[in-house]
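Comments concern the structure below.
Letters A, B, ... are given to chains in the order of the sequence lines, protein chains preceding strands, and every chain is numbered from 1. Every value quoted in this text rests on a predicted model; they were computed, and no experiment measured them.
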Amino acid sequence: MRHILLIASLMCLLTDVIHAQTTSFEVKDYPWDDGKKLILEWKIGAGLDSLRIQKADPEGNFITIYDTTESFGSIVDDDVQPEQEAEYLMIAYNQSTSDSVVVSRGMTPLVQWYNLQKTPLLITMLLLSGMILYYIFASKRGKEFFIRRINALDSMEEAIGRATEKGKPILFVPGIGDLDEIQTIASLTILSHLAYRAAQYDADIIVPVRFSMVLTAAREVVKEAYIRAGRADAYRSDRVFYLTDDQFGYVAGIDGIMVREQPAANFFLGSFYAESLILAETGFSTGAIQTSGTANAHQLPFFIVACDWTLIGEELFAASAYLSRDAQQLGSLKGHDFGKILCIALILVGAVLEYSGIHWLSNMFNLG
Amino acid sequence: MKRTIPMIITFIVGMLVIISEFVPHKPFGPIAGTLENWFLIIAGFTIILGVLSLIRMNSIKIKSRAENWQYFLAGLISFGVMVLVGVFWGMQESSGILGHGEKISAWLGTPPTKPFDYLFNNLFIHLSATMFSLLAFYIASAAYRAFIIRSFESNLLMITAVIIMLGRTSLGTIMTGWLPPSLQFLHLPRIADYIMMYPNSAAQRAIMISAALGVIGSSLRIILGIERSYLGGGK
């Protein structure tokens, strides 16, 4: 009996040794990344048919993150913190016999000096920036480029003229984004041109803003525009004012201004969300000439149906260059056209390759 | 000098943010996050300017007895009341200078609600919801104008909109549900899905791509100091 027990124990031990020898689990740092990924590789030995990978949470409790019946493979854990060690347990087991092998591994993800995955992005950015700079310098050298007319911007002059004739103010809404939003910056650059013209025509301009940072910038922009126009005395700081940080409170405030002051021209330029239609429809009901512009594609239909003119996406960013008539800035717009051609070419080539079963181009631009 | 220094700062910060996108290692990697924190700190200070502007604007209107001056008075009183109840008794878990105001909170309702939270939940939220709900009426009037058949484009728009509206409701299913399997492609919900998935997505992406190109061009002009209008214009 003792011998049988001894042989059984030895067999169990031998099985465990065989399982352990043929089972491997490695945790590797993801190469050339920002330290937010680790590669987990496994291979389970004969006699084992399932695998479970667990990861330690901040309290040290191991939580299952992956279950499989594949005997070998790898996964990428992209839920790790840079320079902080992540601990894993691999439990390889046999569902019927309950034999199991447990391997523990840990690894600290390293932050690299260059994120290799973003190389296609870098190349595209350099190419686009290079072309924009080329056109800017070509314009500087005196080369002339054809820039298509943007009716919404050409109509600004008309809108200001109408406001002057009627003796009514111009309302300018720089969107509901803060100053860290590029659309707000684009909006303020248009405000500069608009305030300059308004100062020249002696038209009153009202600029209600949603954020204090935008208030400071908008005041500076309008003030400088009045000084440039030689009408510093006509500048009124109380016409550029803060309403509220609240989205619908801001809308209610602007609606009130539109109804009470009946501006002859409304400009809604910047980042807009659910309030776009409320603003545009109220403005429409007052009979004002309305010009709008946003890069938020989902709000464009509302502006298009309720406003006389709408700047669509790119046109909002091109507006300042277009209005300035500065050769260098106009040259940069030609760079945008090159970007469009590049995108069209990439889309066409990408579509053909995808239909042909070749995926390297789409994989190259997959930064996930 | 007034423009040169901001332009130099813009150039340096712009380049650092671009570098941080491709160089995750310190000191470049965390720069974007640090700058965002700086922005929040500066924004916190500028709120004072906003409040001063609000008080000044409303006071001028009230003082000069401008048309509908009562509204501005109501705005100023509302602002003052919210600030005072917040300062005195705090909001949610935080206490004010007079503590948590247990008595007044108990008096305002069950479970006890702080005055600030009471006003926020029972006035502010409803007023915001009222403004938001105006959208329903405005969408109807805007849609009516958009769908009036004046040109080929508006005709196309109206037909598409009708298909989408029917396809997204049970009426569309009822209307075309009887079609045999060989004509399933004519089911209104399917046509609506197709329009949303392909032509609509394609148009939206085209706008997004062109906007992204605009952002690159605009950012380059600002970083390189070619575009200065945001500093007040001029050269």
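For a residue to count as touching a neighbouring chain, one of its non-hydrogen atoms must lie under 4.5 Å from one of that chain's; by this rule A:Tyr196 does not touch chain B. Looking at B:Phe137, there are no atoms closer than 4.5 Å to chain A (heavy atoms on both sides), in backbone or side chain. Using a 4.5 Å cut-off between heavy atoms, A:Ser129 contacts chain B through both its backbone and its side chain. For a residue to count as touching a neighbouring chain, one of its non-hydrogen atoms must lie under 4.5 Å from one of that chain's; by this rule A:Arg210 does not touch chain B. If you measure heavy-atom distances from A:Ile347 to chain B, the contacts under 4.5 Å come from the side chain alone. In this structure, the portion of A:Leu133 lying under 4.5 Å from any heavy atom of chain B is its side chain and not its backbone. In this structure, chain A has no heavy atom under 4.5 Å from any part of B:Phe45. Residue A:Leu316 does not touch chain B at all, counting heavy-atom pairs closer than 4.5 Å. Looking at A:Asp245, only its side chain comes within 4.5 Å of chain B, counting heavy atoms on both sides. Contacts of A:Leu122 with chain B are made by both backbone and side-chain atoms, with heavy-atom separations under 4.5 Å. Both the backbone and the side chain of B:Leu49 come within contact range of chain A, with heavy atoms under 4.5 Å apart. Contact annotation for B:Leu35: neither backbone nor side-chain heavy atoms come within less than 4.5 Å of a heavy atom of chain A. Only the side chain of A:Leu215 comes within contact range of chain B, with heavy atoms under 4.5 Å apart. Within the 4.5 angstrom heavy-atom criterion, only side-chain atoms of B:Leu224, from C-beta onward, approach chain A.
Side-chain contact between A:Phe317 and B:Ile216 is absent, with no heavy atoms from C-beta onward closer than 4.5 Å. Taking the side chain as every heavy atom from C-beta outward, B:Leu52 and A:Tyr242 never approach each other to under 4.5 Å.
Closest approach of A:Ser332 to B:Arg221, counting heavy atoms only: OG-NH1, 2.7 Å. When all heavy atoms are compared, the tightest approach of A:Val305 to B:Ala146 is CG1-CB, 3.2 Å. The minimum heavy-atom distance linking A:Val251 with B:Met131 is given by the pair CG1-CE, 3.8 Å.
Going from atom CE of A:Met213 over to atom CD1 of B:Ile47 covers 11.0 Å, rounded to the nearest 0.5 Å. Rounding to the nearest 0.5 Å gives a distance of 4.5 Å between CZ of A:Arg219 and OG of B:Ser53.
Taking chain B as the reference chain and counting heavy-atom pairs below 4.5 Å, the highest number among A:Asp180, A:Ile185, A:Ile312 is found for A:Asp180. Between chain A and the options B:Ala206, B:Gly214, B:Ser218, the largest number of non-hydrogen pairs under 4.5 Å is found for B:Gly214. Taking chain A as the reference chain and counting heavy-atom pairs below 4.5 Å, the highest number among B:Ala143, B:Gly75, B:Ser219, B:Ser128 is found for B:Ser128. Options B:Arg56, B:Arg145, B:Lys26, B:Glu67 differ in how many heavy-atom pairs under 4.5 Å they form with chain A, and the most are formed by B:Arg145. Top candidate by heavy-atom pairs under 4.5 Å with chain B, chosen from A:Ser324, A:Ala297, A:Ala318, is A:Ala297. Most heavy-atom pairs under 4.5 Å with chain B, from the set A:Leu121, A:Leu277, A:Thr119, A:Val240: that is A:Leu277. Each of A:Ile227, A:Asp178, A:Leu110 has some count of heavy-atom pairs under 4.5 Å with chain B, and the biggest count is that of A:Asp178.
Side-chain contact annotation: B:Ser141 with A:Glu281, donor-acceptor N/O pair under 3.5 Å present.
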Practice prompt. Evaluate side chain to side chain contact (heavy atoms under 4.5 Å, CB included) for B:Ile226 paired with A:Ile136, printing each intermediate quantity in order.
Written response: CA-CA 9 Å; B:Ile226 296 166; A:Ile136 287 171; 3.6 Å; yes

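A:Trp113 and B:Phe28 have perpendicular rings, their planes meeting at more than 60° on a 0 to 90° scale where under 30° would count as parallel.
Without hydrogens or angle criteria, A:Lys118 side chain to B:Glu21 main chain gives a donor-acceptor distance under 3.5 Å.
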